[in-house]
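Down below is the structure, laid out as structure tokens.
Letters go in sequence order (proteins before strands), and every chain restarts at 1. The figures here come from the full heavy-atom set of this structure, side chains too, leaving out hydrogens, waters and symmetry mates. Note that the coordinates shown come from a computational prediction; the quantities given were computed from them, not determined experimentally.
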2 protein chains.
Amino acid sequence: MADGTRRPGRPRSEAARLAILEATHDELVEHGYGGLTMERIAARAGVGKQTIYRWWRSKAEVALDSLLNVAAEGIPIPDEGDLGADLDVFLRHTFGMQGSEGPVLMGLLAQSLLDREFADVFRDRFLAGRRAALSEVLDHAVARGEIPAGTDLVLLQDMVYGVLWYRLLFRHAPLNDDTARDLASLIARSVRNGNNCTVRTV
Amino acid sequence: MADGTRRPGRPRSEAARLAILEATHDELVEHGYGGLTMERIAARAGVGKQTIYRWWRSKAEVALDSLLNVAAEGIPIPDEGDLGADLDVFLRHTFGMQGSEGPVLMGLLAQSLLDREFADVFRDRFLAGRRAALSEVLDHAVARGEIPAGTDLVLLQDMVYGVLWYRLLFRHAPLNDDTARDLASLIARSVRNGNNCTVRTV
DNA sequence: TAGATTTCGAGACGAAGCGTCTAGAAATTG
DNA sequence: CAATTTCTAGACGCTTCGTCTCGAAATCTA
């Protein structure tokens, strides 16, 4: 989309775009996702509602863009030569991140559940990136021979992110460093072949 | 609340209660949770809106009651002498159930995310029962010595229900008998005692 | 039986928020 | 300058919510 073929007319205002994303972020912090309304975003950003509807299809997509705009996106991909240790580092960081973004994530998920179209957008623009990072960690373990061939890697990923989301959603147990350590340990052991009981050293 | 201390006045109409729950169920089937409105429930049940608001705080609670009213609640607790086999049976049944109730569950979860009060109700009235069933299965394994002392049983449960909900929510992979088998196998192996064959990484 | 009390069905009501629309100003092209 | 497009501002009709009012019905107490 280079502006080589720039159309006539007034170009889109970058200032307005940023003002909308920032206003959305502030509104999310103040009122939560449930209290987010197009009218308030527009008022706070000093922008007409039409300007928002012109570029986003729903408030959920604005919120998603706002979230992605803030989350600078540094997902670490540790490679310490041991699946358990790699998972531990990965989970520790991931759990930490979700702490601050948690409330917004929950709102976006709620929207996903009620709106199939947004669900696809959310999956592709947010979840896919996270899964890809974890996928790399698992690939390293496969290359090292820690994960036997034929293991369902997608299921393994789901065990990681499943616990994460489940606790994020139902808040019955914490998501802290201890959780990360225990979960990393369980996952690493779950793929270890139980027959010959291979001993791995650090 | 036996009617020994029955108050004066017209008693609550059981017919109206059932009509509301049934109308809610039908509306859920026809329009999904997103299209559920108090007005349509009232109209379909032949009931005043006030009658609904008198007994339920929100449409989410009506939907939850409607769901619990239909789900006859037969959660099996297999005991075949082997954790892997028990989990396989348990998961197979659970995954099968969620197939039909899935859409409603997703709506109720969406509501949970937006409404903290309902989240507590949903957790206590729906999730707790399921978790208790799985807990029994795990307890049997503990008694048989299949799960070493000190294992975080809550985390184990979360690995099971985490995968279930994660796939229910994001629909990126199926929840079928194969999934149940693989997941049961992974979980069973993850707790297999590592005393003599695992090296603790710090 | 006569009141007191409570729920019943039906629907009016104001408050919100949605998404669309209009109007006139502003910015950019050729 | 004319054509085109986006801009802010806000009015508009629509839907749903949750509350409220009304008179009728059902049940308890006296």
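- For A:Tyr53, counting side-chain heavy atoms from C-beta on, the closest listed nucleotide (C:dG19, D:dC7, C:dT28) is C:dG19.
- For B:Ile52 and D:dT19, the CD1 to C1' distance is 14 Å, given to the nearest whole Å.
- Between the C1' atom of D:dT8 and the CD atom of A:Glu39 lies a distance of 15 Å, rounded to the nearest Å.
- For A:Trp56, no side-chain nitrogen or oxygen approaches OP1 or OP2 of C:dG19 to under 4.0 Å.
- Between the CZ atom of B:Arg17 and the P atom of C:dG9 there is a distance of 14 Å, rounded to whole Å.
- Counted by atom type alone, A:His25 and A:Asn69 present zero donor-acceptor pairs between their side chains at under 3.5 Å.
- Residue contacts shown for A:Thr51 include a base, since a base heavy atom lies under 4.0 Å away.
- Ionic pairing of A:Arg144 and A:Asp82 is not present here: no N-O contact between side-chain nitrogen and carboxylate oxygen is shorter than 4.0 angstrom.
- Rounded to an integer number of Å, the gap from CE of A:Met38 to P of D:dC14 is 21 Å.
- Atom CZ of A:Arg17 and atom CD of A:Glu22 lie 12.0 Å apart (nearest 0.5 Å).
- Atoms NZ (B:Lys49) and P (D:dT15) sit 14 Å apart, rounded to a whole Å.
- Taking atom CZ of residue B:Arg10 and atom P of nucleotide C:dT7, one finds them 10 Å apart after rounding to whole Å.
- Separating the CD atom of A:Gln50 from the P atom of D:dT5 is a distance of 15 Å, rounded to the nearest angstrom.
- For the side chain to side chain contact (heavy atoms under 4.5 Å, CB included) with A:Asp139, the lone residue among A:Leu153, A:Ile77, A:Ile147 that qualifies is A:Leu153.
- The interatomic distance linking B:Arg54 (CZ) with D:dT21 (C1') rounds to 13 Å, in whole Å.
- Projected onto DNA chain D by closest heavy-atom contact, B:Gly9 and B:Leu36 fall at different nucleotides, the more 5' of which corresponds to B:Leu36.
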